[in-house]
Amino acid sequence: MKDINVLVINCGSSSLKFQLINASSEEVIAKGLCERIGIEGSQMTWTPAGGEKYEVKMPMEDHRTAVRLVLDTLTDPERGVVKSLDQIGAVGHRIVHGGENFASSTLITDEVLRAIEACNDLAPLHNPANLIGINACRELMGDTPMAAVFDTAFHQTMPAEAYLYGIPYHYYEDYKVRRYGFHGTSHSYVSRRAAQMLGRAYEDLKIIVCHLGNGASVSAVKNGKCVDTSMGLTPLEGLIMGTRSGDVDPAIIEFLCNKEEKPVQDILNVLNKESGVLGLSGGFSSDFRDLEKAYRAGDEAAIRAMETFAYRVVKYIGAYTAAMNGVDVICFTAGIGENNPFIRSMIASYLGYLGIAIDEAANEKRGEEIAISTPESKTKVLVVPTNEELAIARETAALV
Ligand code: ADP
């Protein structure tokens with residue numbers, strides 16, 4: 001890979017995460033986070049490679065100010081990690097929704113910006129913030145090449161029977177209402193890495209990736225192509241998540257509107273922010289560390305939340321095994337998938353029909369790349385820590 005430094009930018013509505021990665025050594029040179037942009041109390045935390053984390057508290061009225069602070073810090077004569085902006089060869093931007101316009105990452109041009117903007121109504125909370133980040137970087141970094149890496153792109157290979165909803169077809173034609181899927185950078189990275197770990201050709205494998213974090217999704221990757229994934233038009237569909245409901249009967253919405261005398265937006269807010277394991281545990285917690293502790297202490301609400309969460313994952317694994325006519329390897333990734341042996345074994349306990357046998361000692365490991373199935377296990381089970389920033393840096397370096 002080219003010997004350039006790639007600045008990876010992930011802009012949220014009031015935050016900006018960044019990493020500077022050398023594309024050749026894949027070393028993280030520095031990383032950080034600007035929070036509360038446009039809100040009182042904004043701050044940046046920043047960690048140079050091998051150095052200590054420190055905080056800069058200063059007002060950041062907009063994303064442009066945040067990008068300026070990031071660039072000034074990276075090039076600071078005392079605390080910085082590069083001499084000048086010339087040593088940043090490219091910028092990779094994480095973009096949430098590329099609609100049907102983007103099946104792969106792309107270099108950013110004015111035309112690409114317009115196409116991303118056209119997807120704004122599909123992701124009204126995310127895409128506008130992503131665009132603000134791009135514009136701020138373009139303003140401050142002159143001709144530095146920039147790439148857009150989409151959360152949806154990896155899933156564009158899904159066949160129509162997987163992406164269509166059973167609603168009048170003209171809604172797809174008129175408004176592009178269909179399933180898109182998200183976390184694509186992670187599903188792509190993890191599935192490829194799984195093939196490498198097994199020493200097998202990516203194109204020969206049937207892989208199920210369980211990305212289990214606050215946001216959670218499952219994907220089916222057959223012969224190197226995504227054929228199905230659990231998130232839909234928006235990231236609300238599919239698995240039960242930290243605070244999101246995942247799949248529900250759509251009639252629930254009207255039913256609750258009537259019962260609670262609330263508008264649709266309020267109920268959607270409940271489905272996005274007050275549901276999932278948080279809602280199932282009666283508001284106790286969306287964090288699996290809290291839930292596991294309470295589960296072990298016999299707390300009924302935590303038991304209910306974790307078992308319902310695990311069961312939904314198990315149902316998707318079954319569905320995707322059917323969709324691919326088999327499965328060679330199941331991967332766990334993201335905060336819960338990488339760090340929670342308890343939930344992994346709860347899920348695996350349903351999978352005897354796939355000939356899965358778990359190595360309990362290996363399963364106790366956290367946050368490392370490891371096979372947690374026994375050598376005899378018919379279907380392999382791997383933990384593969386995801387690395388979306390590295391994947392974005394690789395895509396960007398390959399494009400420039
Ligand atoms: P997000 O979707 O916000 O990126 P994460 O992937 O960080 O979410 O996942 C958050 C979840 O992962 C939490 O429920 C948390 O309990 C779990 N988690 C993250 N890190 C650890 C850890 N080191 N040990 C145990 N659980 C963890």
Side-chain angles (χ1 to χ4, degrees), residues 8-19 31-33 35 45 94 96-97 123 125-126 129-130 149 151-152 181-190 193 209-219 229-231 234-246 272-281 283-297 299 301-310 312-313 331-347 363-370 372 383-392:
V8 175
I9 299 266
N10 181 355
C11 247
S13 54
S14 65
S15 68
L16 186 160
K17 274 193 237 166
F18 66 94
Q19 284 196 11
K31 63 179 173 182
L33 168 67
E35 290 169 287
T45 44
R94 178 198 177 197
V96 168
H97 218 309
L125 295 179
H126 296 101
N130 300 158
V149 181
D151 263 33
T152 48
F182 298 86
H183 295 137
T185 309
S186 175
H187 287 288
S188 164
Y189 174 89
V190 169
R193 191 70 206 123
V209 178
C210 304
H211 176 112
L212 310 179
N214 261 322
S217 64
V218 190
S219 69
T229 192
S230 58
M231 283 178 166
T234 75
L236 186 53
E237 192 179 337
L239 297 181
I240 291 169
M241 311 184 206
T243 65
R244 284 177 237 160
S245 63
N272 268 304
K273 302 208 169 125
E274 297 171 24
S275 298
V277 288
L278 174 69
L280 275 168
S281 65
F284 167 63
S285 179
S286 63
D287 192 299
F288 274 70
R289 283 167 280 208
D290 303 335
L291 289 166
E292 183 184 341
K293 217 193 257 167
Y295 186 111
R296 289 184 188 276
D299 181 82
I303 294 171
R304 174 174 68 225
M306 288 183 80
E307 291 191 342
T308 314
F309 171 91
R312 180 74 57 87
V313 177
C331 308
F332 287 104
T333 194
I336 300 158
E338 291 166 26
N339 297 298
N340 198 314
F342 192 62
I343 209 86
R344 292 194 298 244
S345 70
M346 207 186 268
I347 293 167
N363 187 41
E364 283 308 310
K365 297 267 168 44
R366 292 164 193 261
E368 60 181 90
E369 238 174 40
I370 192 167
I372 59 168
V383 173
V384 185
T386 192
N387 194 337
E388 290 165 278
E389 288 78 13
L390 176 60
I392 293 172

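We count ligands from 1, going down the list as the structure has it; atoms in each ligand are counted the same way.
- Nearest non-hydrogen protein atom to atom 11 (C) of ligand 1 is Ile336 CG1, 3.6 Å.
- In this model, a donor atom of one side chain and an acceptor atom of the other lie less than 3.5 Å apart for His187 and Ser217.
- Comment: Arg193 engages Glu369 in a salt bridge, judged by a side-chain N to carboxylate O separation of less than 4.0 angstrom.
- Between atom 19 (C) of ligand 1 and the options Gly337, Gly335, Ser217, the minimum heavy-atom separation is to Gly335.
- Remark: aromatic rings of His211 and Phe332 are distant, center separation not under 6.0 Å.
- Considering only heavy atoms from C-beta on, Phe309 comes within 4.5 Å of Leu212 through its side chain.
- Here the shortest heavy-atom distance to atom 10 (C) of ligand 1, taken over Asn214, Asp287, Val277, belongs to Asn214.
- Scanning the protein heavy atoms around atom 14 (O) of ligand 1, the nearest turns out to be Phe288 N, 3.0 Å.
- At the top of the distance list for atom 26 (N) of ligand 1, counting protein heavy atoms only, stands Arg289 CG, 3.6 Å.
- Within the structure, ligand 1 lacks Asn340 among the residues with a heavy atom less than 4.0 angstrom away.
- Within the structure, the closest approach of Gly242 to ligand 1 does not fall below 4.0 Å when heavy atoms are considered.
- Less than 4.0 angstrom separates atom 4 (O) of ligand 1 from none of the non-hydrogen atoms of the protein.
- In this structure, Arg296 is positioned above the aromatic face of Phe342, its NZ or CZ under 6.0 Å from the six-membered ring centre and within 45° of the axis.
- Closest to atom 23 (N) of ligand 1, if we only count protein heavy atoms, is Asn339 CG, 3.7 Å.
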